Amino acid sequence: MEAAKVGLLGLGTVGGGTATVLLRNREQIHKRLGRSIEITHVAALGIADQTLLDANKVRLTEDAFEVVNDPEVDIVVELIGGYTLAKDLVLKAIENGKHVVTANKALIATHGPEIMRAAMKNGVNVAYEAAVAGGIPIIKAVREGLAANRIQWIAGIINGTGNFILTEMRDKGRDFAEVLKEAQALGYAEADPTFDVEGVDAAHKLTILASLAFGIELQFNKCYTEGISKITTEDVNYAGELGYRIKHLGITRITDHGIELRVHPTLIPEKRLIANVDGVMNAVLVQGDAVGPTLYYGAGAGAEPTASAVVADIIDTVRLIGIGAEYKVPLLGYAPEAMSDIPIMSIEDVETACYLRMNALDKPGVLAEVSEVFAQHNISLEAVLQKEPVEGADKVHLVLLTQKVTESNINAAIAEVESFDEIEGSVARIRLEHLD
Ligand code: HSE
């Protein structure tokens, strides 16, 4: 059988990894697929060394539209990232009847509905396994492996850079900015690293997972998004003293009031497996009604781990060449006419337990006054930790753990506490999940 022809857009970290894996494992892939895959056309800027491309008779261009308009190409693999150009290229490829594989979570989370409509109209596949959790086949797991289940919730560490930073802060007391620089040098961080540290990257990925889990449209703009930039080493240590780890989690859950869709730092009990996922590794915990909890773990970023997902998508897509749309797994896992309109909940209505840290004047009665506020708001306290004052200081750190409380209620209580003269500055709040 004739080889399937791939056009590659981008030869950066993931593009380079994809070319390497496809070439290195070509025989293994042929054995699985019964057909060869050839990269025939690559679009990339400023490639100094073309030896490998020349040796494999790959055409190189700086104009990505040449690749998507190349009649020989069956599958366009978009690995340039970003929104506008990537979207134009993907839509053009689809219009030209080409299948698309992409690792671009920003593109799928924000322009997915338009891209998927175009793909359905043109009878082509859009595969995006590498868009969520790098090398972990979580899209396939949720969309196909768990198709028998009603998914109840998903909680995941889905940003490797953020997890790497939190791990280094906890284990080595390293400085936030210094660890971020290292993540950038290792090729983990996004082109704009604020996407990693402010939670945008995780929100893109969670948006996709929520659609697959609950059959809802991709609604990135409704995802509550909070990053890790305000987490201090003190919080990491106090959480540890109380038996918790701080992880940056994406959480989506179906409730009687709608669907929770939120990304934020979270305390989780240190005995949970997912609490022990460290460094750049990702993990996604999925709770299904039939299977119970399942946990998926692996490298969430990096050249070859991400390429592993991209190449798996290419292999799957080659199998679809010439097959009617009715035989494909729906792009979001649900039949288009069965998509649900369950609303995404406002964060104000979400219930979680909370970790609170405040700087309190070290004098009798302050703790009682603060506790009284929580009692008045009907918020139960689970634990209280008061740290020794640093020598010469008149303020102490007061740390409280609450039981579950709605966001609007805890916000009101925090505002009241912050108004006390005995409390300096603002109260730090980190949500807490038991994940049981
Ligand atoms: N910047 C992302 C991360 C890369 O750190 O997880 C993979 O999407």
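Read the numbers this way: they start at 1 and go in the same order the structure lists the ligands and their atoms. Note that this is a predicted model, so its numbers are computed, not measured. Numbers here simply count residues along the sequence, with the first being 1.
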One finds that the ligand 1 atoms under 4.0 Å from a non-hydrogen atom of Asp196 are 1 (N), 2 (C), 3 (C), 5 (O)
Checklist entry - Does Arg26 reach the side chain of Leu22, with side-chain heavy atoms less than 4.5 Å apart? => result no
Does Ser426 offer a backbone N or O that forms a donor-acceptor pair with the side chain of Glu418 under 3.5 Å? no
task = In plain terms, say whether Lys247 and Asp278 are close enough for a salt bridge, that is, a side-chain N and a carboxylate O under 4.0 Å apart.
result = yes
- Query: More than 12 foreign heavy atoms under 6.0 Å from CZ of Arg150: is that the case here?
  - Reply: no
Atoms of ligand 1 under 4.0 Å from any heavy atom of Glu190, numbered from 1 in the order shown, are 1 (N), 2 (C), 4 (C), 8 (O)
Per-atom filter on ligand 1: closer than 4.0 angstrom to a heavy atom of Lys105 are 4 (C), 7 (C), 8 (O)
Atoms of ligand 1 under 4.0 Å from any heavy atom of Lys205, numbered from 1 in the order shown, are 2 (C), 3 (C), 6 (O), 7 (C), 8 (O)
Margin query: Test your reading of the structure: does Asn282 have an N or O sitting under 3.5 Å from an N or O of ligand 1?
Written below: no
Taking the side chain as every heavy atom from C-beta outward, state whether Leu180 and Ile165 have any atom pair closer than 4.5 Å.
yes
I want to check something: taking the side chain as every heavy atom from C-beta on, are Glu27 and Asn25 in contact at a cut-off of under 4.5 Å? no
Gly160 heavy atoms within 4.0 Å reach ligand 1 at atoms 3 (C), 5 (O), 6 (O)
among protein heavy atoms, the one nearest atom 5 (O) of ligand 1 is Thr161 OG1, 2.6 Å
* Does NZ or CZ of Arg143 come closer than 6.0 Å to the centre of the six-membered ring of Tyr128, within 45° of the ring's axis? -> yes
Contact region, Asp201 to ligand 1, non-hydrogen atoms below 4.0 Å, reads side chain
min-distance protein heavy atom vs atom 7 (C) of ligand 1 -> Gly300 O, 3.3 Å
If we number the atoms of ligand 1 from 1 as shown, the ones under 4.0 Å from a heavy atom of Ala301 are 4 (C), 7 (C)
